[in-house]
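Data first, discussion second: the structure below is written as structure tokens.
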Amino acid sequence: MKKIEAIIKPFKLDDVKEALNEIGIQGMTIVEVKGYGRQKGHKEIYRGAEYVVDFIPKIKIEIVVDSKQVEKVTQVIMKAANTGKIGDGKIFVLPVEGAIRVRTGETGEDAI
Amino acid sequence: MKKRILVGVIQLLIPFSPAYAGESMINTGDTAWMIVATAMVMLMTPAGLALFYGGMSRSKNLLNTFAMTFVSYCIGSLVWMLWGYSLAFGPDKAGIIGGLDHVLMRGIGVESVTGTIPTFLFVLFQMTFAGITVALVLGSIVDRMKFSSWIVFSILWVTFIYCPVAHWVWGGGWMAKMGALDFAGGNVVHINAGVAGLVLALVVGKRKGYGKEAMFPSSVTLTALGAALLWFGWFGFNAGSELAADGIAASAFMVTNTSAAVAALSWMFAEWFFRKKPTVLGLASGAVAGLVSITPAAGFVNLPASMIIGLVAGVFGYYSVSVLKHKLGYDDSLDAFGVHGMCGVWGALATGLFATPEINEVGKGLFYGNPGQLWIQIVSIIATALFTAIGTLVVLYLTRLLTNGLRVDSDEEVAGLDNAIHGERAFDLD
């Protein structure tokens, strides 16, 4: 099992979600995060006091999938979230030790 | 002995017979208008100013700013009815103060008349001015003052600073005798509060992290809403200061709106030019700057003058808060001095320039052949500023003594006063 963490632009969430649904991924967890990489922040002005806001809002999607699906899932996410502009995000793949379905107690691949 | 004291207390609680029987001079039109005007000015403090200031405070302190504003109105209301009205408008003593004849409305009854309206109504109208003036002061020291200190300060400040100045200008005191023109409170309200705010800002000190940390307003939306409510209420403030429903009141109404609108635009354009973006905060601030500036002039100047007053107010206000404040380095957090103090001074001077007998026979400014008026205005501005600066300093030190320090401790300041002082949260956004 692997966990896929995809940091994407917030307005791309619906596109990514539908693309994942289409290949059979029926669930996910999302987190509202802030961050920056090469994309610069913006300035806000309040009565002459200028503030630079470095951190940009992003969405992090977290899904746990079977190791065999990682290649396909990451490709699908990348395609759906891509705009071609700086700040599109990153995808990370992490190993998962175990999984349990709360309702039934099923473990391992039966749980995801 | 106990019986004597009891009788004395009872006597204090029963006002004895009103001043005038016989012909009532009450004009029902004036009275109806003044009741409305008073209610409009009331709205300016716990709604208009609270939102205006609250929206500019950081989210962790929004409720505290609101609380300080709200409580200022409550304290102003109480202090005024106890002894404030008497000190400001009681029979003049040496041009300085009104004395204590009317403590708890002694000597004033249902039948009492002031001008063409019931005295009770006059008392209440003036009360709303006391309430908002002290509330304005807090703008300079949001985010860091102890609530208990603010409460004690407000009681003392209304009593010892607001009431004397109100008496000098409106209660038949020395400034009135000198011929100073202040229609609705350039001196009494704005210069007074503005200078007091600056004193507080300098004594209480800067917010932790000022100049280094970003301090975002909790909601420009709330501030803009507050400014709109202030604008609405200000019609009661300025037009109501005529104390009658007549042509001068209508004229004051007209120039008040015009000055506000022009100033909002001029602040906006100034900001657009210098900062490349017209901000909503700028629009809201500009409107308030225009309203402040027209306040002393409202019942004395004509339409073209009000446009000039507004134009200058917007640019001057913008300059004061966006450039001057940062250059001089003090933390007048919500610009009580920058907007109310500075624009109040402009307004008072403008009154000395533009007052025309064609609007109000009482006032004649420099442009109408009376250069002496400008000099009188300058004297009144300096006298108010000096008295307030020194007086506020004394009141502040007394407050510090009575409440064992003015400022919250560092941890509380960082955590936020809504939580630390009130145990509440402004928003529940999860």
Side-chain angles (χ1 to χ4, degrees), chain A residues 3-18 20-21 26-64 81 83 85-90 92 100-103, chain B residues 52-53 55-58 139 206-207 209-220 223-224 227 267-268 270-286 288-289 314 317-329 331-339 429-430:
Chain A
K3 185 191 209 191
I4 296 173
E5 287 190 358
I7 297 172
I8 61 168
K9 287 179 172 165
F11 78 92
K12 277 292 183 178
L13 179 58
D14 278 343
D15 290 340
V16 171
K17 176 173 148 288
E18 281 181 24
L20 286 172
N21 288 162
Q26 295 299 337
M28 64 187 70
T29 302
I30 64 163
V31 191
E32 290 173 3
V33 296
K34 290 188 213 186
Y36 69 96
R38 291 181 188 172
Q39 187 180 8
K40 296 286 168 249
H42 66 274
K43 271 192 300 186
E44 287 176 20
I45 302 173
Y46 300 104
R47 282 193 183 167
E50 214 171 82
Y51 300 134
V52 176
V53 182
D54 279 322
F55 292 98
I56 304 157
K58 300 284 176 198
I59 293 278
K60 181 162 75 158
I61 302 175
E62 298 186 346
I63 22 182
V64 176
T83 68
K85 300 197 197 124
I86 290 179
D88 274 352
K90 287 193 175 35
F92 301 108
I100 304 170
R101 189 183 301 280
V102 172
R103 179 173 54 93
Chain B
F52 186 69
Y53 274 172
M56 282 189 279
S57 302
R58 290 176 283 179
K206 301 181 197 180
R207 285 169 288 179
Y210 180 69
K212 281 175 254 129
E213 263 174 54
M215 294 185 176
F216 293 100
S218 62
S219 172
V220 177
T223 294
W267 185 307
M268 180 190 80
E271 197 168 36
W272 207 339
F273 180 74
F274 288 110
R275 293 282 177 170
K276 312 292 177 265
K277 287 202 157 88
T279 65
V280 176
L281 182 56
L283 264 177
S285 309
V288 172
Y318 168 77
Y319 176 76
S320 294
V321 318
S322 305
V323 180
L324 195 64
K325 182 173 82 167
H326 298 294
K327 273 209 179 115
L328 296 177
D331 186 8
D332 171 19
S333 312
L334 306 182
D335 301 304
F337 178 68
V339 176
L429 288 173
D430 295 311

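Quick caveat: nothing in here was measured; it's all calculated off a predicted structure. Just so it is clear: chains get the letters A, B, ... in the order the sequence lines come, proteins before strands, and each one is counted from 1.
Taking each heavy atom of B/T279 and A/I45 in turn, the nearest pair found is CG2-O, 4.1 Å. In this structure, B/F52 and A/R47 approach most closely via the heavy-atom pair CZ-NH2, 3.6 Å.
By the neighbour-count criterion of 12 heavy atoms within 6.0 Å, atom OH of A/Y51 is densely surrounded, having more than that number from other residues, nucleotides or ligands.
For A/V52, no part lies near chain B; criterion is any non-hydrogen pair under 4.5 Å. Contacts between B/V323 and chain A at a heavy-atom distance below 4.5 Å are absent for every atom of the residue.
Contact tally against chain A (heavy-atom pairs below 4.5 Å) for B/E271, B/M215, B/M56, B/K277: the top residue is B/M215.
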